[in-house]
Asker: 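Here it is: the structure, laid out below.
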Amino acid sequence: MKTISLCMIVKNEEEVLEQCLSSVESICDEIIILDTGSKDSTKDIAKKFTNKVFDFEWIDHFAAARNKAFSYATKDFIFWLDADDVLLPEDIDKLRKLKQELHDDIDAVSMYYYTAFDEEGNPTFKYRRNRLVKRTNNFKWYGAVHEYLQVGGNVVPSEIGVTHRKQDKPADSIKSDRNLKIYEKQLANKEPFTPRDMFYYANELKDHMRLDEAIDCYQQFLDTKRGWIEDEIRACIYIADCFKIMQLPEEEVEALLQSLKYDLPRAEVSCRVGDYFKEKGMFKKAIIWYVFALTLEADNDSGFANIAYTTWYPHLQMCYCNWQIGNKKDSYQHHLQTKKYLPNNEQVLYNEAFFNSLDQEELT
C-alpha cells in the first residue's frame with residue numbers, strides 16, 4: 001500500500017488545528033507542520049500528533065511556505081490541508097479506499113472542496129482542488145497569495161470531499177487584511193501581476209468594500225483575455241455583487257449577462273437574472289429564468305458550483321412567482337420541491353403553514 005505525508009502550513013490556528021488533525025491522523029503515515037510564526041498554542045497542539053513541526057520565517061509568500069512544507073515529505077504521496085479544513089467520516093472512508101488503490105501511474109488526485117453550507121449542513125458551494133500528489137513528481141506551488149499547485153500527468157478525479165470550517169475560526173482572523181497588504185506591497189514594488197493575481201486582488205478589494213476599485217480590477221482582468229474561464233465567469237458575478245451592494249440593479253444584471261460571453265450559462269446567473277425580473281414584478285419573465293436554471297449543469301466538474309441554484313432556490317422563487325400570477329397549483333408543487341431540500345427552513349415552514357390553511361382542492 002502506498003504511503004501518505006500530510007503537509008500543512010499554519011499560524012495561530014489553536015481554535016481549529018486539533019479538529020483538523022484528529023480528522024485525518026488515522027489515514028496519514030506522516031504529518032508535517034510548518035509554522036510561520038504562531039504566538040498561541042498552535043505548535044503545542046501540532047506536537048500532539050507529530051514530531052515533525054518546523055519553523056519557517058514568513059516572507060509574504062504562501063507558495064514559498066507550501067513548497068518548503070512539501071520538501072520535508074518522505075512518503076509516496078503528499079496530501080495537503082488548511083488548518084480550518086476537516087475530512088468527515090464518510091470522506092475518510094473514501095480516502096482509505098483510495099489509499100489502497102493508489103499506484104505509480106497516478107500523478108495527482110483531485111477532491112471536492114466544500115466551502116458553504118445550508119442550515120441542514122448540506123454543501124451549497126463546491127469546486128475541485130488537486131489535493132494528493134506523487135512526491136517524486138516534485139510538483140510546485142505558485143503565487144504569493146491564493147497559491148495554486150501546478151500538476152500534470154494522470155490526474156484522477158475522486159468523490160472525496162474536504163470540508164472547510166471557516167466558521168470555527170475567530171472573526172478577526174477571517175476579516176484579516178493580510179492578503180490585501182501582500183498584493184499592495186507587490187504593487188508598490190512594481191512586481192508584475194498575472195491575470196490570476198489580478199482576479200484575486202479584485203476579490204480582496206471587493207471583500208474590503210473597495211467596490212469601485214474592485215470593479216475596475218475585475219474588468220482589467222477580463223480585458224487580458226488570458227484568465228481561466230471559471231475565473232472570468234466569477235469575475236462577472238462578482239462585479240454584479242459589487243453593483244448589488246451599491247444598489248444599482250441595472251448594472252448588476254448587465255454584469256451577470258456579460259458572463260454569457262465566456263461559456264454556457266451558469267445556474268447562478270440564470271437565477272439572479274430571474275431575481276431581477278421578480279423584483280420588478282415581471283413574474284412570467286422571472287419564471288423563465290428560474291426554469292432555465294434547473295436545466296443547467298456545469299459543463300465540467302472542475303468549476304465552481306453553487307448547488308442551491310440548481311436545487312431549492314429556483315423552486316422557492318417559482319413558488320412565489322406562480323402564486324403572484326394566480327398559478328396556485330404550480331406554486332404549491334414548487335413549494336413541495338423546495339421542502340424536499342430544506343424541510344426546516346424558516347421560509348419553507350411559513351409557506352407550509354400558508355398552504356395548509358387553504359382549501360387543498362385548489363392546490364391539487
Side-chain angles (χ1 to χ4, degrees), residues 113 115-116 124-128 143-146 148 166 174-177 179-184 186-187 192-280 282 285-286 288-290 292-293 296-300 302-310 313-314 317:
Y113 197 28
T115 60
T124 59
F125 195 82
K126 69 176 182 178
Y127 54 98
R128 283 194 173 276
V145 187
H146 297 289
Y148 67 97
K166 183 172 71 173
I174 295 172
K175 296 178 181 178
S176 168
D177 61 356
N179 293 348
L180 183 62
K181 287 181 177 178
I182 293 173
Y183 280 128
E184 295 192 327
Q186 289 181 295
L187 285 173
F193 271 24
T194 66
R196 191 175 188 277
D197 291 328
M198 294 172 66
F199 173 71
Y200 281 102
Y201 176 47
N203 289 349
E204 293 294 332
L205 291 169
K206 176 175 73 72
D207 291 345
H208 287 82
M209 299 303 292
R210 291 164 58 177
L211 302 179
D212 288 323
E213 294 173 82
I215 292 169
D216 288 343
C217 195
Y218 282 127
Q219 195 58 58
Q220 289 176 42
F221 160 72
L222 292 170
D223 289 343
T224 69
K225 299 181 180 179
R226 292 192 293 117
W228 181 37
I229 285 177
E230 294 298 327
D231 285 346
E232 290 175 323
I233 292 169
R234 295 313 303 179
C236 296
I237 292 172
Y238 292 154
I239 291 172
D241 289 344
C242 293
F243 284 129
K244 184 178 182 67
I245 294 169
M246 297 162 74
Q247 299 184 349
L248 296 170
E250 303 298 328
E251 289 82 351
E252 177 189 355
V253 78
E254 287 177 10
L256 292 168
L257 294 174
Q258 185 182 358
S259 71
L260 303 182
K261 292 169 51 179
Y262 299 100
D263 198 18
L264 297 174
R266 296 297 190 262
E268 179 174 355
V269 170
S270 185
C271 282
R272 289 183 59 175
V273 174
D275 293 345
Y276 168 81
F277 287 115
K278 188 190 82 166
E279 291 302 313
K280 284 184 163 294
M282 303 168 73
K285 286 187 176 181
I288 290 172
W289 285 93
Y290 293 132
F292 187 37
L296 295 172
E297 294 182 3
D299 189 41
N300 65 73
S302 62
F304 301 105
N306 192 322
I307 300 167
Y309 291 115
T310 56
Y313 186 85
Q317 304 310 319

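Keep in mind that what you see is a predicted model, and the values were worked out from it rather than measured. Starting from 1, each residue takes its place in the sequence as its number.
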Asker: About how many Å separate CG of Leu296 and CG of Leu264, when rounded to the nearest 0.5 Å?
Answerer: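 Spacing of CG (Leu264) from CG (Leu296) equals 8.0 Å.
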Asker: Take Lys285 and Val273 through the test side-chain contact (heavy atoms from CB on, under 4.5 Å) and record every step on the way to the result.
Answerer: CA-CA 9 Å; Lys285 286 187 176 181; Val273 174; over 6 Å; no
Asker: Taking atom types as modelled and ignoring hydrogens, do the side chains of Gln219 and Asp223 form a donor-acceptor contact shorter than 3.5 angstrom?
Answerer: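 Note: Gln219 and Asp223 side chains meet the donor-acceptor criterion.
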Asker: Before we go on, tell me: are the rings of Trp228 and Phe221 under 6.0 Å apart, centre to centre?
Answerer: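 Aromatic pair excluded; centres sit 6.0 Å or further apart.
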Asker: Would you say the ring centroid of Tyr183 lies under 6.0 angstrom from that of Tyr200?
Answerer: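 Centroid distance Tyr183-Tyr200: not below 6.0 Å, so no.
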Asker: Going by atom types only, do Tyr218 and Asn203 share a side-chain donor-acceptor pair under 3.5 Å?
Answerer: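 Yes, a side-chain donor-acceptor pair sits under 3.5 Å.
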Asker: Kindly determine whether Asp216 and Arg210 satisfy salt bridge (charged side-chain N to carboxylate O under 4.0 Å, His left out), including the steps that lead there.
Answerer: CA-CA 10 Å; Asp216 288 343; Arg210 291 164 58 177; over 6 Å; no
Asker: Kindly determine whether His146 and Arg196 satisfy side-chain contact (heavy atoms from CB on, under 4.5 Å), including the steps that lead there.
Answerer: CA-CA 9 Å; His146 297 289; Arg196 191 175 188 277; 4.2 Å; yes
Asker: Count the heavy atoms belonging to other residues, nucleotides or ligands that lie under 6.0 Å from NZ of Lys278, then report whether that count exceeds 12.
Answerer: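 Yes, because the 6.0 Å sphere around NZ of Lys278 holds more than 12 heavy atoms from other groups.
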Asker: Could you please spell out the steps behind the salt bridge (charged side-chain N to carboxylate O under 4.0 Å, His left out) verdict for Arg234 and Glu268?
Answerer: CA-CA 10 Å; Arg234 295 313 303 179; Glu268 179 174 355; 2.9 Å; yes
Asker: Going through the distances and angles, do Arg266 and Glu230 end up as a salt bridge (charged side-chain N to carboxylate O under 4.0 Å, His left out)?
Answerer: CA-CA 10 Å; Arg266 296 297 190 262; Glu230 294 298 327; 2.6 Å; yes
Asker: Does either side chain, that of Tyr238 or that of Asp231, offer a donor lying less than 3.5 Å from an acceptor on the other one?
Answerer: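 No, no side-chain donor-acceptor contact under 3.5 Å.
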Asker: Do the charged groups of Lys280 and Glu250 touch, with an N to O distance under 4.0 Å?
Answerer: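 Yes, this pair counts.
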